[in-house]
Amino acid sequence: MLPLSRMKSLLSPVLSRPTIMFVCRGYGVLSTFKNLNSAQTMNPMSKVSSFRCSTVQNHSQIRVLSSEASGSNSGSGSGEVHVIVGPMFAGKTTTLLKRIKSERSNGSFQANGVKNSLYLDETIKGLCFSGRVAEAVGILCCSGVQVEAETYSLVLQECIFRQAYKKGKRVHWQMITVGFVPNEYLTVKLLILYAKAGDLDTSHNIFDKLQFKSLVSWNAMIAGYVQKGMEEVGLSLYHDMKQKYVLPDQYTFSSVFRACASLAVLEQGKQAHALLIKSQISGNIVVNSALMDMYFKCSSPSDGYLVFSKSLERNVITWTALISGYGLNGRIKDVLESFHRMIDEGYRPNHVTFLAVLSACSHGGLVDRGKEYFSSMMRDYGLQPRGKHYAAIVDLLGRAGRLQEAHEFVKNSRCEEHPVLWGALLGACKIHGDIEMVKLAARNFFDLEPENAGKYVVLSNAYASFGLWNNVAEIRRLMKDSGVKKEPGYSMIEVQRQAHFFFMEHNAHEQTVEMYKLVKDMAGILKDAGDVQDLLS
């Protein structure tokens, strides 16, 4: 981090002098100039024939000038220039872009590379510090020259922080174009950029080429795979990291616990928890919340509560993890008690907290209390309900058999166009056997998001439950014609630290033959004992 005096020195030129800024529509380039006499260099392909000037009064006077280009391209509008004069923007950007545009045409920009590069560095840093990352990236990519590694690092960090991953990739492309070879630190920055952007092939390629794989690089890869839904790969990398004698930190454990929760591999989660304790890492709120979530999703609520009770720091995230965990395990009473205890201790619930409470009320058949909590969101906490909150109320009413009231609620809600509401109504109609309401909900459910593969399966199952086989055949034909494929469902079991997956209608497990033989033998033994009917008939 640069000292405050250095930051001020970079920012002060950016905010001190008036600037003339122009946009060349045909080239999509944002540029600025110090004075109007330089405006003729705006577009080297045409010359300015006239200016129009108008003024706008606010805190400072801003003059807007338009030029009309003459020449061969005048008809295309590529020479149209808009010039803005005002004190808000930087004088550094002004001179730099003027110099780049004028000097790149005759090659002198490259000839004075050292001087220009230093000036470019200061300008790009100033733009980054003032939050104008898009301009910084645009100037860098238009310059065609190398800048300092520190400047590249700052721009990449800002792109990562602001989730501007496409702009970060442009910076990488600029490095390659100008022949800049990033050092190890910058390479890790690029790895993080691609991992967060979900481009795991590129990030893993960068990772494999690292001479020294630091903890930061391991964490980036593990988190990238877990966030992408490839938890098995993330856990495999975690074990590889341990074999390389790289000690994990709280960021590692947070990703590992999340992966174990998604896969419901309790044994591996416990091993990671034991290592967390041995490492004497003071678990922060994020780690403790991920650990609680792992225990609850692995059907171990007592261990989840134990983690909560031993947490020295708590906030709304910790409480929400506890409430959601109880809801996942069907402990409705504990959900509501924890919710009120949270409020009594002075914590304000958020959208996720209320969603967990509403879902618990739905599964517990607490219609009146659920409606009261829904009203409390806006009335007491100023939280505007979202689509999933409305869907929870629809599910609440539907499970109670109040289908007409649920339908009216959907029509009068501000999220009527949200498919999840109609999906909840469809599920409720399927349970209570209302065929007319099923058709109505199915039509709206499908029309709002027809590209969703899961909807075809939901609709097909709904029609099949009422014996509407013509509708089932039509849904399957639509799936085939549209090329939509649904990922098969599967079950997973962990045996001796290894996860085994069993897919629907897919006998790819290496011990399938042995397992079927064992089931057949067990069924025969039970049949002989008179305990069961003929299971194999």
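Worth knowing before you read on, the calculation uses all heavy atoms, side chains too, and leaves out hydrogens, waters and symmetry mates.
Note on ring orientation: taking the six-membered ring where Trp is involved, the planes of H204 and F207 are perpendicular (angle over 60°, cut-offs 30° and 60°). Using a 30° and 60° split on the angle between ring planes, H273 and Y295 fall in the perpendicular class, above 60°. The aromatic rings of H172 and Y194 stand perpendicular to each other, their planes meeting at an angle above 60°, with 30° marking the opposite boundary.
Judged by distance alone, with hydrogens and angles left aside, the side-chain atoms of S359 form no donor-acceptor pair with the main-chain N or O of A356 at under 3.5 Å. Checking side-chain atoms of H363 against main-chain N and O of I332 turns up no donor-acceptor pair under 3.5 Å. Between the S300 side chain and the F296 main chain, no donor and acceptor come within less than 3.5 Å of each other. Using modelled atom types, one side-chain atom of S279 and one backbone atom of L275 make a donor-acceptor pair closer than 3.5 Å. Of the possible donor and acceptor atoms, none in the side chain of S324 sits under 3.5 Å from a partner among the backbone N and O of A321. Counting only distance, with no hydrogens or angles, the side chain of N350 and the backbone of V352 share a donor-acceptor pair below 3.5 Å. Side chain of S338 to backbone of V335: no donor-acceptor contact under 3.5 angstrom is found. Under the 3.5 Å distance criterion, the side-chain polar atoms of S362 are left unmatched by any main-chain donor or acceptor of L358. The closest donor-acceptor contact from the side chain of Q250 to the backbone of V286 lies at 3.5 Å or more, if one exists at all. Counting only distance, with no hydrogens or angles, the side chain of N315 and the backbone of T318 share a donor-acceptor pair below 3.5 Å.
Residues Y326 and E337 have side chains that never bring a donor and an acceptor to within less than 3.5 angstrom of each other. Donor-acceptor pairing under 3.5 Å is lacking for the side chains of R386 and Y390.
Under the 4.5 Å side-chain criterion, counting only non-hydrogen atoms from C-beta, K520 is not in contact with Y516. M241 places a side-chain heavy atom less than 4.5 Å from the side chain of L215. At least one side-chain heavy atom of H351 sits under 4.5 Å from a side-chain heavy atom of H389. Considering only heavy atoms from C-beta on, C128 comes within 4.5 Å of V155 through its side chain. Contact of the S255 side chain with the N219 side chain is not registered, since no non-hydrogen atoms from C-beta on lie closer than 4.5 Å. Looking only at side-chain heavy atoms (C-beta outward), Y381 and I343 come within less than 4.5 Å of each other. At a threshold of 4.5 Å between non-hydrogen side-chain atoms, the residues T252 and F257 do not count as touching. When side chains are defined from C-beta on, R258 counts as touching Q227, because their heavy atoms get closer than 4.5 Å.
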Are D201 and N205 close enough, and set up right, to give a side chain to side chain contact (heavy atoms under 4.5 Å, CB included), and what steps lead you there?
-> CA-CA 6 Å; D201 290 336; N205 186 37; over 6 Å; no
How far apart are the C-alpha atoms of D240 and K244, what are their side-chain angles, what is the distance that settles it, and do they pass the salt bridge (charged side-chain N to carboxylate O under 4.0 Å, His left out) test?
-> CA-CA 6 Å; D240 291 343; K244 302 290 184 182; over 6 Å; no
May I have the step-by-step check of salt bridge (charged side-chain N to carboxylate O under 4.0 Å, His left out) for K125 and D121, ending in yes or no?
-> CA-CA 6 Å; K125 289 177 183 177; D121 280 314; 5.6 Å; no
Verdict with reasoning, R348 to T353, per side chain to side chain contact (heavy atoms under 4.5 Å, CB included) = CA-CA 9 Å; R348 289 179 61 86; T353 315; over 6 Å; no
Side chain to side chain contact (heavy atoms under 4.5 Å, CB included) between Y225 and E232, worked out = CA-CA 8 Å; Y225 278 109; E232 302 95 332; over 6 Å; no
Please test E122 against T151 for side chain to side chain contact (heavy atoms under 4.5 Å, CB included), starting from the C-alpha separation and ending with a verdict.
-> CA-CA 8 Å; E122 290 189 21; T151 305; over 6 Å; no
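Here the CD atom belonging to E184 is positioned 5.5 Å from the CD atom belonging to Q211, to the nearest 0.5 angstrom. Here the CD1-CD distance, from I285 to E313, works out to 5.0 Å after rounding to the nearest 0.5 Å. Rounded to the nearest 0.5 Å, atoms CG (L120) and CD (Q146) are 11.5 Å apart. With rounding to the nearest 0.5 Å, the separation of CG in L421 from OG in S413 is 5.0 Å. For the atom pair CD of Q268 and SG of C298, the computed distance is 10.0 Å after rounding to the nearest 0.5 Å. Atom CG of N284 is separated from atom OG of S254 by 7.5 Å, given to the nearest 0.5 angstrom.
With a 6.0 Å radius and a threshold of 12 heavy atoms from other residues, nucleotides or ligands, K169 has its NZ atom above the threshold. Within 6.0 Å of the OH atom in Y185, the count of heavy atoms belonging to other residues, nucleotides or ligands does not exceed 12. Other residues, nucleotides and ligands contribute only 12 or fewer heavy atoms inside 6.0 Å of the OH atom of Y251. Atom CG of L312 has 12 or fewer neighbouring heavy atoms from other residues, nucleotides or ligands inside a 6.0 Å radius. The neighbour count for M522 CE, taken as heavy atoms of other residues, nucleotides or ligands under 6.0 Å away, does not exceed 12. Heavy atoms of other residues, nucleotides or ligands lying less than 6.0 angstrom from NZ of K213 number more than 12.
Across every non-hydrogen atom of K270 and M294, the tightest pair is N-CE, 4.3 Å. Heavy atoms only, all atoms of each residue included: S153 and K189 are closest at OG-CE, 3.7 Å. Nearest heavy-atom pair, F253 versus P248, reported as atom, atom and distance to 0.1 Å: CZ-CG, 3.6 Å. When all heavy atoms of R170 and C141 are compared, the pair lying nearest together is NH2-CB, 3.5 Å. Here the closest heavy-atom approach between residue A220 and residue L191 is recorded as CB-CD2, 3.4 Å. Minimum interatomic distance between S217 and L210 (heavy atoms only, all atoms of both residues): CB-CD1, 3.8 Å.
For the pair R314 and F308, the cation sits on the ring face: its NZ or CZ lies under 6.0 Å from the ring centre, inside 45° of the axis.
Annotation: F339 is in aromatic contact with F354 [ring centroid separation under 6.0 Å].
Residues that satisfy the side chain to side chain contact (heavy atoms under 4.5 Å, CB included) test with A149, not counting sequence neighbours, are F180, N183, L186.
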